Structure formats: structure tokens, C-alpha cells
Amino acid sequence: MTQKKEPQLMQDITSLSKRRGFVFLSSEIYGGLGSVWDYGPLGVEMKNNIKQAWWKRNVYQRYDMEGLDCSILMHSDVWKASGHVGNFADLMVDCKECKKRHRQDHLKENKCPDCGGALTEPREFNLMFKTQIGSMEDSSAEIFLRPETAQGIFVNFKNVLNTSRKKIPFGIAQIGKSFRNEVTAGNFVFRCREFEQMEIEFFCRGEEADKWYKYWVNERLQWYKDMGIDPLNLKIREHAKDELAHYASGCSDIEYNFPFGWSELEGIANRGDYDLKQHAEFSKQDLTYFDTKTNERFLPFVVEPSGGVDRAFLAFLVDAYRIEELENGPRTVLGLHKDIAPIKTAVLPLLKKNTEIVEIAKKLRDDLSYDRRTVYDDTAAIGKLYRRQDEIGTLYCVTVDVDSLTDRQVTVRERDSMLQERISIDRLKEYLREKFNS
Ligand code: GAP
């Protein structure tokens with residue numbers, strides 16, 4: 001097996017993504033928009049699968065979680081209370097020669113890393129995108145695109161508590177778009193200006209926050225492993241005190257070994273009662289929790305596992321990509337977990353000119369599509385069709401051949417082992433159900 005060749009791997013992934021329809025540059029026909037990406041036919045399937053797997057694990061399979069879907073646009077006071085208006089900024093310097101802008105904390109020396117020119121004094125650059133609500137163009141109508149989904153959860157804490165009748169400890173989970181005007185964006189979908197987050201705010205008693213913080217670090221790490229990421233490519237990095245965000249009293253990153261180095265995949269933070277306290281003060285609303293068992297009223301602490309869909313997408317792609325040397329040449333395989341792979345089954349007729357074979361194959365495609373994403377392809381010879389499906393991670397190829405007309409069986413080929421089995425057409429649906437549910 002060919003070993004991954006970083007940083008060549010990043011180029012391979014980027015070109016595969018474009019060639020096979022996983023990811024395209026936004027507004028490409030106009031020259032593209034920096035660090036904004038569109039997900040193509042395969043990309044949207046895979047991204048939906050990531051979100052679905054996360055939701056299933058964190059909402060469906062837990063008794064202590066509720067879901068939520070908040071608006072991207074929120075009252076501008078939310079961002080004053082959260083600290084984003086005052087603190088969500090990078091210190092930037094400009095090169096006096098080439099005029100390029102750099103993040104000060106990314107510089108090793110006090111000169112331009114591109115041309116060596118002298119730099120301006122650092123200035124704060126807020127990462128939130130501003131926009132206007134309504135038709136007034138004055139500052140009272142100015143609002144922001146949310147830079148994180150978390151605040152929507154905090155401002156709805158009482159709504160969810162009152163309607164769900166949950167008792168702490170419990171969490172609220174949300175998946176949605178966030179926007180940051182990143183200055184040094186890059187590395188494909190790793191750092192984008194528009195991206196999706198999968199966030200949980202887990203509310204608990206202050207004295208239990210450290211226990212839940214440790215719990216969530218392990219639980220989230222385990223999820224990436226369960227979804228097929230090689231454990232050797234994952235590690236936990238605890239933040240030093242001077243690295244902590246303005247709201248956090250403790251934070252650990254789950255890092256992935258990307259081709260460009262170990263980088264943050266997800267952060268798990270102990271936010272204390274910072275957010276609820278701030279929103280209670282700014283909104284003048286009572287956001288306390290009443291514990292009927294102990295007759296105590298208090299502001300719960302919050303533990304927050306916060307991951308990026310786009311970063312998870314990139315990590316899954318990088319981890320799954322491999323080139324195998326076979327006797328008849330190399331084959332590229334995306335060894336994605338069955339829950340993450342964009343296409344689950346491909347139905348391939350061996351002879352596209354044989355109408356009976358095509359008819360059976362199309363009927364199978366229709367039947368299997370009820371259960372999971374299935375495609376039909378008859379546009380090349382079988383060897384090429386297999387390679388095409390391997391390259392996008394399709395788990396099973398079902399081939400209909402001349403023998404199928406008499407023995408009513410098809411060949412099912414498994415992606416990783418390439419083992420082939422003859423299965424009766426009548427049993428195929430059940431056979432695949434067993435494989436996908438195991
Ligand atoms: N609510 C906490 C929060 O937003 P964060 O560390 O700033 O914390 C959480 O972001 C996660 O969101 C990151 O671990 C990353 O996966 C994702 N993320 C943040 N900024 C991103 C960007 N510009 N592009 C893609 N994903 C990003």
C-alpha cells in the first residue's frame with residue numbers, strides 16, 4: 001500500500017473533491033470567492049451523513065439532550081452580552097511594502113513573511129460580518145451574521161427548559177451555519193468564512209462541571225474513532241491558561257493530524273456560568289434554574305463540545321484516502337465509514353445493450369433507493385466502474401450479468417476486501433440491510 005505523502009495528499013484530496021463533485025469553489029465562474037466553498041452532489045451527501053451521525057449519537061441516543069435550530073440573525077445585544085463585539089478580534093498588521101495583511105499571532109518575526117517589508121502597528125480586526133436589518137441604513141439597524149451557533153442556545157435556554165421540562169444535567173444540541181471574516185483563511189475547507197458548526201451546550205451544577213468536561217472530551221474523541229478515524233491521527237491538546245477564550249475556564253482541543261500539521265478539529269470548553277450570567281444582565285431576564293429537590297436557585301454551568309462540520313468532512317476525507325498497488329495497477333479508495341460514505345450502493349449492469357439486464361438493474365436501483373443512497377452506472381466497462389465507485393467510497397457494487405437472467409442472482413462486491421458474493425435477487429435487500437445495520 002502506498003503511504004500518504006504529505007503535503008501531496010492535500011493536493012490529491014482537493015483535486016479529487018473537484019473532479020468527483022465533493023467540493024467546488026464558491027462562484028467559480030466569476031473567479032471564486034476567497035475561502036467560501038460549495039458542496040457538490042457527493043459532498044452534500046457526505047456532509048448530511050456527518051450531521052446525521054452526530055445528531056443520532058448526541059440527540060436520538062441520549063435521554064439528556066434536546067435539539068434546537070435557531071436563526072442566523074439575532075438581536076445585536078446578543079453579541080454585546082456574549083463579548084463578541086468587544087473581544088472577538090484578531091490583532092492584524094499590514095505590510096508597508098506589499099500591503100498584505102497578516103495575523104500578528106501567526107508571525108515568527110516582526111517583518112512581512114512574504115516580502116520582508118516593515119509592518120504597521122497592530123490593529124484589532126473584528127471577525128463578525130455586519131449587515132443591516134430592515135430598510136434603515138443607520139447604526140441602530142446594524143446586526144451581525146452569527147459567528148457561532150452557541151449564543152442561540154443560551155438565549156433559548158429558558159424556552160427549552162420550560163417546554164421540555166428537562167432537569168439538569170441536560171444539553172441542547174444544534175447544527176447550523178456560522179460566519180467569520182477570517183483574515184488568514186485557507187487550507188481548503190479547514191478555515192472558511194462561511195461554515196457549519198455542530199454544538200452542544202451542556203448545562204450542569206457548578207460542582208459537576210469538571211466531571212462533565214472530562215466526560216465530553218472522551219465522548220467526542222470516541223465519536224471520531226467510532227466513525228472510522230485512525231486513533232493515531234487524533235489527540236487531545238489542553239489549552240494553556242493564556243490561550244483560553246474570554247469565556248472559558250478550561251478548554252481542550254481534539255486535534256487531527258492534517259497534511260498541514262496537527263490542528264483543531266473540535267474544542268470542548270468549560271464556559272462556567274459566563275454566558276447565562278451575561279445574558280441575564282443584558283436582557284434583564286431571570287435565567288436561573290430552580291432545583292426542586294434541593295430548593296436551590298442558581299445559574300447552571302455550561303460545558304460545550306463545539307465541532308465544525310467542514311473540518312470533520314476534511315478529516316474524514318484525508319483519513320479515508322488511500323492508494324493501493326494491485327496486480328493490475330493502482331486503485332484509489334476512500335475507505336469511509338459506512339455511515340459517512342456519500343453513496344452506499346451502486347448498481348452496475350454488465351451489458352448495457354441487453355435490455356433485460358438493464359431492466360433488472362434499474363429495478364434494483366429503484367428498490368434499494370428506498371433504504372439508502374444508491375446510484376446506477378452503465379457508462380464504462382465493469383473494471384472502470386468499480387474503480388470509479390472505490391474512489392468515492394461506495395460500499396457495495398451490485399453487478400447484474402447474463403447469468404442473472406437465469407439464476408436470478410447478482411454479484412455483490414465489497415469495497416475494502418473486493419470480495420465478491422453471488423446473492424439471490426430476492427434476498428439482496430435483506431442482505432444489504434444486515435450489512436448496513438451491523
Ligand atoms: N462556540 C465555541 C466556538 O465557536 P471555536 O473554537 O471558535 O469555538 C468551534 O469553534 C469549532 O468550529 C472549531 O473547532 C472548528 O471545528 C469550527 N470552526 C471554527 N472556525 C472555523 C472556520 N473559520 N472554518 C471552519 N470551521 C471553523
Side-chain angles (χ1 to χ4, degrees), residues 23 26 33-37 39 47 50-51 54 68 70 72 74 78-79 81-84 87-90 103 106 125-129 144-155 171-202 213 216-217 220-221 223-224 229 234-239 243-256 258 260 262-272 274-276 278-279 302-318:
V23 180
S26 161
L33 185 65
S35 296
V36 186
W37 301 92
Y39 287 78
K47 209 168 161 214
I50 294 171
K51 292 189 276 185
W54 184 92
L68 190 67
C70 306
I72 287 167
M74 299 177 77
V78 168
W79 308 110
S82 69
H84 284 82
N87 296 314
F88 197 55
D90 284 336
R103 258 174 75 165
H106 283 183
F125 180 85
N126 196 293
L127 299 181
M128 284 195 293
F129 281 100
F144 301 97
L145 300 189
R146 68 180 179 198
E148 60 172 17
T149 66
Q151 298 305 323
I153 299 181
F154 296 127
V155 301
I172 304 178
Q174 171 163 230
I175 300 177
K177 288 256 178 170
S178 293
F179 302 81
R180 295 181 191 179
N181 197 3
E182 300 279 4
V183 187
T184 50
N187 281 330
F188 197 32
V189 294
F190 178 82
R191 185 168 280 111
C192 324
R193 295 194 165 105
E194 174 177 342
F195 55 98
E196 274 187 281
Q197 291 184 306
M198 308 182 280
E199 299 202 291
I200 293 168
E201 305 305 325
F202 197 81
Y213 168 66
W216 278 109
V217 171
R220 294 301 305 137
L221 179 66
W223 183 75
Y224 289 104
I229 299 233
L234 290 165
K235 73 175 183 198
I236 301 291
R237 189 182 71 81
E238 194 153 0
H239 285 208
E243 267 185 281
L244 293 174
H246 60 273
Y247 50 76
S249 59
C251 188
S252 289
D253 285 346
I254 298 176
E255 292 193 336
Y256 179 75
F258 286 100
F260 43 85
W262 286 93
S263 307
E264 177 186 343
L265 189 53
E266 169 156 350
I268 295 98
N270 180 351
R271 295 178 79 122
Y274 175 85
D275 303 274
L276 289 180
Q278 289 289 104
H279 286 303
V302 173
V303 175
E304 176 196 65
S306 169
V309 180
D310 311 78
R311 280 193 196 175
F313 178 93
L314 183 59
F316 283 124
L317 273 188
V318 167

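Whatever order the structure lists them in is the order used to number ligands and atoms, beginning at 1. These numbers were taken from a predicted model, which means no experiment stands behind them.
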How far is [atom] from the closest protein heavy atom, and which atom is that?
{"atom": "atom 15 (C) of ligand 1", "answer": "Arg311 NH1, 3.5 Å"}
{"atom": "atom 19 (C) of ligand 1", "answer": "Arg180 NH1, 3.5 Å"}
{"atom": "atom 14 (O) of ligand 1", "answer": "Glu264 OE2, 2.5 Å"}
{"atom": "atom 17 (C) of ligand 1", "answer": "Gly308 CA, 3.7 Å"}
{"atom": "atom 18 (N) of ligand 1", "answer": "Phe195 CE1, 3.6 Å"}
{"atom": "atom 2 (C) of ligand 1", "answer": "Glu304 OE1, 3.1 Å"}
{"atom": "atom 25 (C) of ligand 1", "answer": "Phe190 O, 3.2 Å"}

Exercise for the section: Please work out whether the ring planes of Tyr224 and Phe316 are parallel, tilted or perpendicular, with thresholds of 30° and 60°. Expected result: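 It falls in the tilted class, 30° to 60°.
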Problem - Whether Phe258 and Phe260 hold their rings parallel, tilted or perpendicular, with breakpoints at 30° and 60° - result: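 Parallel: the ring planes of Phe258 and Phe260 meet at under 30°.
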Handout entry: Residue part near ligand 1, for Glu199, under 4.0 Å between non-hydrogen atoms
Key =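 Contact part for Glu199 vs ligand 1: side chain (C-beta onward).
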Do ligand 1 and [X] have nitrogen or oxygen atoms that lie under 3.5 Å from each other?
{"X": "Glu201", "value": "no"}
{"X": "Asp310", "value": "no"}
{"X": "Arg191", "value": "no"}

Exercise for the section: Indicate yes or no for a side-chain donor-acceptor contact from Gln174 to the backbone of Cys70 under 3.5 Å, with no hydrogens or angles considered. Expected result: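 Flag set: sc Gln174 to bb Cys70 pair under 3.5 Å.
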Exercise for the section: May I ask you to decide if Gly267's main-chain N or O and Ser306's side chain share a donor-acceptor pair within less than 3.5 Å? Expected result: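 Between the backbone of Gly267 and the side chain of Ser306 there is no qualifying donor-acceptor contact (under 3.5 Å).
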Handout entry: Sub-4.5 Å side-chain heavy-atom contact between Gln278 and Phe154
Key =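 They are not in side-chain contact.
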Handout entry: Minimum-distance pair of heavy atoms, taken over all atoms of Gln197 and Ser178
Key = OE1-OG, 2.9 Å
Exercise for the section: Looking only at non-hydrogen atoms, find the nearest pair between Arg220 and Glu266 and report the distance. Expected result: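 The answer is NE-OE2, 2.8 Å.
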Which is closest to [atom] by heavy-atom distance: [options]?
{"atom": "atom 3 (C) of ligand 1", "options": "Ser306, Pro305, Cys251", "answer": "Ser306"}
{"atom": "atom 24 (N) of ligand 1", "options": "Ala312, Ala315, Ser178, Cys192", "answer": "Cys192"}
{"atom": "atom 10 (O) of ligand 1", "options": "Gln197, Glu148, Gln151, Arg271", "answer": "Gln197"}

Practice task
Please identify which atoms of ligand 1 are closer than 4.0 Å to at least one heavy atom of Gly267.
Solution key: 14 (O)
Exercise for the section: Using a strict cut-off of 4.0 Å, indicate which atoms of ligand 1 neighbour a heavy atom of Ala150. Expected result: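 By the 4.0 Å cutoff, the relevant atoms are 1 (N).
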Handout entry: Between Phe188 and Trp37, ring centroids under 6.0 Å
Key = yes
Practice task
State, without any angle test, whether Ser252 and Tyr213 hold a side-chain donor-acceptor pair at a distance under 3.5 Å.
Solution key: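 Their side chains do contain a donor-acceptor pair, which is all the 3.5 Å distance test asks for.
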Exercise for the section: For Leu265 and ligand 1, answer yes if some heavy atom of the residue is under 4.0 Å from a ligand atom, otherwise no. Expected result: yes
Problem - Any Glu194 heavy atom less than 4.0 Å to ligand 1 - result: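 Outside the 4.0 Å threshold, so no.
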Problem - Partner of Glu196 under salt bridge (charged side-chain N to carboxylate O under 4.0 Å, His left out), chosen from Lys47, Arg146, Lys177 - result: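 Running salt bridge (charged side-chain N to carboxylate O under 4.0 Å, His left out) over Lys47, Arg146, Lys177 with Glu196 returns exactly one hit, Lys47.
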Problem - Inter-residue atom distance Phe144.CZ - Asn181.CG, 0.5 Å rounding - result: 12.0 Å
